[in-house]
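Lettering of chains follows the sequences in order, A, B, ..., and the numbering in each one begins at 1. Not measured: the values here are computed from a predicted model.
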2 protein chains.
Amino acid sequence: MANCLDQLKRDGAKMTKTRRLLVELFERCRLPLSETEIRQALAARGRPVNKTTVYRELAALIARGLVQQVDFGDRKLRFELAGHHHHLVCTGCRKVQDIHVRHDTGRIERLAKAQKHFIIRRHSLEFFGLCQACAKDA
Amino acid sequence: MANCLDQLKRDGAKMTKTRRLLVELFERCRLPLSETEIRQALAARGRPVNKTTVYRELAALIARGLVQQVDFGDRKLRFELAGHHHHLVCTGCRKVQDIHVRHDTGRIERLAKAQKHFIIRRHSLEFFGLCQACAKDA
DNA sequence: TTGACAAACGCAACTAAGTTGCATTAAGAT
DNA sequence: ATCTTAATGCAACTTAGTTGCGTTTGTCAA
């Protein structure tokens with residue numbers, strides 16, 4: 001992760017306060033964040049930024065492969081440190097947890113190739129349901 | 001599927017031309033459609049409708065369990081006949097194909113319950129990559 | 001067949017998320 | 001210290017979806 005900041009530097013990027021804070025934020029929190037959440041977090045740390053800046057910063061980090069987009073179907077983009085994760089999304093309180101899942105994508109990739117001549121590059125797998133607290137209420 | 005139209009009737013719904021065409025469209029096409037695509041298709045069949053109507057109609061069908069939402073992460077809602085599907089989404093031409101996948105959700109559900117006290121209700125699993133035509137170009 | 005009632009509809013105005021163009025500010029190298 | 005260029009803010013815009021309200025149209029019963 002630190003080498004990614006190095007990479008940024010190498011191709012002419014500047015080490016701004018915003019960029020440092022943003023990477024820090026992702027590393028500490030390790031969960032998908034929306035643009036709004038990111039701006040709130042940065043503002044709370046004394047760095048209020050425009051939403052345009054957030055999107056541009058994210059685009060830069062995504063282009064370098066540091067950050068990736070996640071998608072929970074609420075038509076809101078979310079972002080997290082790159083790496084293959086899956087999540088448990090609570091439909092009650094919207095809280096998100098990581099979950100480790102071993103699953104055999106190879107089989108499906110071969111199937112798609114053989115039957116549909118389709119080359120799978122990536123997949124998304126997300127789980128929706130109720131967290132402990134919300135299950136109690138229901 | 002026909003019994004779903006019956007069900008609609010039973011609780012006071014009217015059999016409008018739009019509704020008939022819409023259900024027909026879903027049954028014939030069997031792939032996730034966006035609001036825009038739906039309106040184009042209806043217009044092509046001589047029934048131009050307002051987007052508000054489309055969304056309301058979809059809400060009614062979803063409420064009855066006839067239709068479900070799908071999500072390909074392009075912050076656009078899509079809709080298809082209810083039932084558990086997975087898709088191959090071409091990132092080149094955006095074409096979508098169904099794919100049949102057997103996979104063991106039971107294991108993961110038990111895991112989520114045991115480790116995180118999380119009750120999984122549903123999941124989404126979508127594959128992104130290149131279809132035959134687009135793979136050639138790349 | 002007709003008339004009444006509720007569902008369906010269209011329209012216009014609105015919200016929320018994300019994007020773009022342009023002028024200004026500020027890293028950081030020389 | 002200065003200069004170059006990345007980073008930033010702002011305002012205006014786009015796209016997807018929602019809401020309120022007045023009008024139209026199925027449907028059912030008389």
Side-chain angles (χ1 to χ4, degrees), chain A residues 4-25 32-43 45-64 66-80 94, chain B residues 4-25 32-43 45-64 66-80 94:
Chain A
C4 263
L5 290 181
D6 289 351
Q7 189 196 329
L8 279 168
K9 255 194 153 169
R10 245 177 286 127
D11 49 71
K14 294 174 182 175
M15 197 43 53
T16 64
K17 197 177 171 189
T18 303
R19 179 159 298 159
R20 221 187 312 267
L21 278 173
L22 183 53
V23 173
E24 241 174 73
L25 175 63
L33 299 170
S34 66
E35 167 257 341
T36 310
E37 288 165 339
I38 290 170
R39 282 174 67 202
Q40 285 171 350
L42 292 185
R45 278 149 208 276
R47 184 71 175 185
V49 286
N50 192 277
K51 70 173 166 173
T52 310
T53 301
V54 172
Y55 284 115
R56 282 197 281 234
E57 198 52 48
L58 289 168
L61 296 177
I62 288 171
R64 267 76 172 206
L66 218 194
V67 163
Q68 67 191 6
Q69 253 177 257
V70 202
D71 169 22
F72 297 148
D74 57 353
R75 53 185 230 94
K76 219 181 258 191
L77 302 181
R78 283 158 199 276
F79 306 88
E80 69 178 350
R94 292 266 116 199
Chain B
C4 263
L5 289 182
D6 290 349
Q7 189 196 329
L8 279 168
K9 255 194 153 169
R10 245 177 285 127
D11 50 69
K14 295 174 182 177
M15 196 44 51
T16 64
K17 197 176 172 191
T18 304
R19 179 160 297 158
R20 223 186 312 267
L21 278 173
L22 182 54
V23 173
E24 242 174 73
L25 174 64
L33 300 169
S34 66
E35 165 257 341
T36 310
E37 287 164 340
I38 290 171
R39 283 175 66 200
Q40 285 171 348
L42 292 184
R45 277 148 207 277
R47 184 71 175 183
V49 287
N50 191 277
K51 69 174 168 172
T52 311
T53 301
V54 173
Y55 284 116
R56 282 197 281 234
E57 198 53 48
L58 290 168
L61 296 178
I62 288 170
R64 268 77 171 204
L66 218 194
V67 163
Q68 69 193 7
Q69 252 176 257
V70 202
D71 169 23
F72 297 148
D74 57 354
R75 50 186 231 94
K76 219 181 258 192
L77 301 182
R78 282 157 201 275
F79 306 86
E80 69 179 350
R94 292 264 115 201

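Rounded to an integer number of Å, the gap from NZ of Lys9(B) to C1' of dA7(C) is 14 Å. At whole-Å resolution of the value, CZ in Arg78(B) and P in dA16(D) are 10 Å apart. Regarding Lys14(B), its NZ atom lies at a distance of 12 Å from the P atom of dC5(C), rounded to whole Å. One interatomic measurement links the two molecules: CZ of Arg47(B) to P of dG10(C), which rounds to 7 Å at whole-angstrom precision. Nucleotide dG18(C) holds its P atom 9 Å from the CD atom of Gln69(A), rounded to whole Å. Here the P atom of nucleotide dG28(C) and the CZ atom of Arg19(A) are 10 Å apart, to the nearest Å. Across the protein-nucleic acid pair, Glu57(A) atom CD and dG18(C) atom C1' stand 17 Å apart, rounded to whole Å. Put simply, CG on Leu61(A) is 16 Å from P on dA6(D), counting in whole angstrom units.
Heavy atoms of Arg75(A) sit under 4.0 angstrom from at least one base atom. When heavy atoms are screened at a 4.0 angstrom cut-off, Ser34(A) is found touching no nucleic acid atom at all. Among the heavy atoms of the strands, none lies under 4.0 Å from Thr36(A). Residue contacts shown for Ala60(A) are absent, as no nucleic acid heavy atom lies under 4.0 Å away.
In the interface, the side chain of Lys76(A) is not paired with the base of dA16(C) through any donor and acceptor atom under 3.5 Å apart.
Contact check of residues 49-56 of chain B against DNA chain D (heavy atom, cut-off under 4.0 Å) returns Lys51(B), Thr52(B), Tyr55(B), Arg56(B).
Checked against dA8(C), dG17(D), dT8(D), the side chain of Thr16(B) finds its nearest nucleotide in dA8(C).
The CD atom of Gln68(B) sits 14.5 Å away from atom CZ of Arg78(B), with the distance rounded to the nearest 0.5 Å. One distance of note links CZ of Arg94(B) with CG of Asp74(B); it measures 5.0 Å at 0.5 Å rounding.
Within the 4.5 Å cutoff, the side chain of Leu22(A) has no heavy atoms near those of the Val54(A) side chain.
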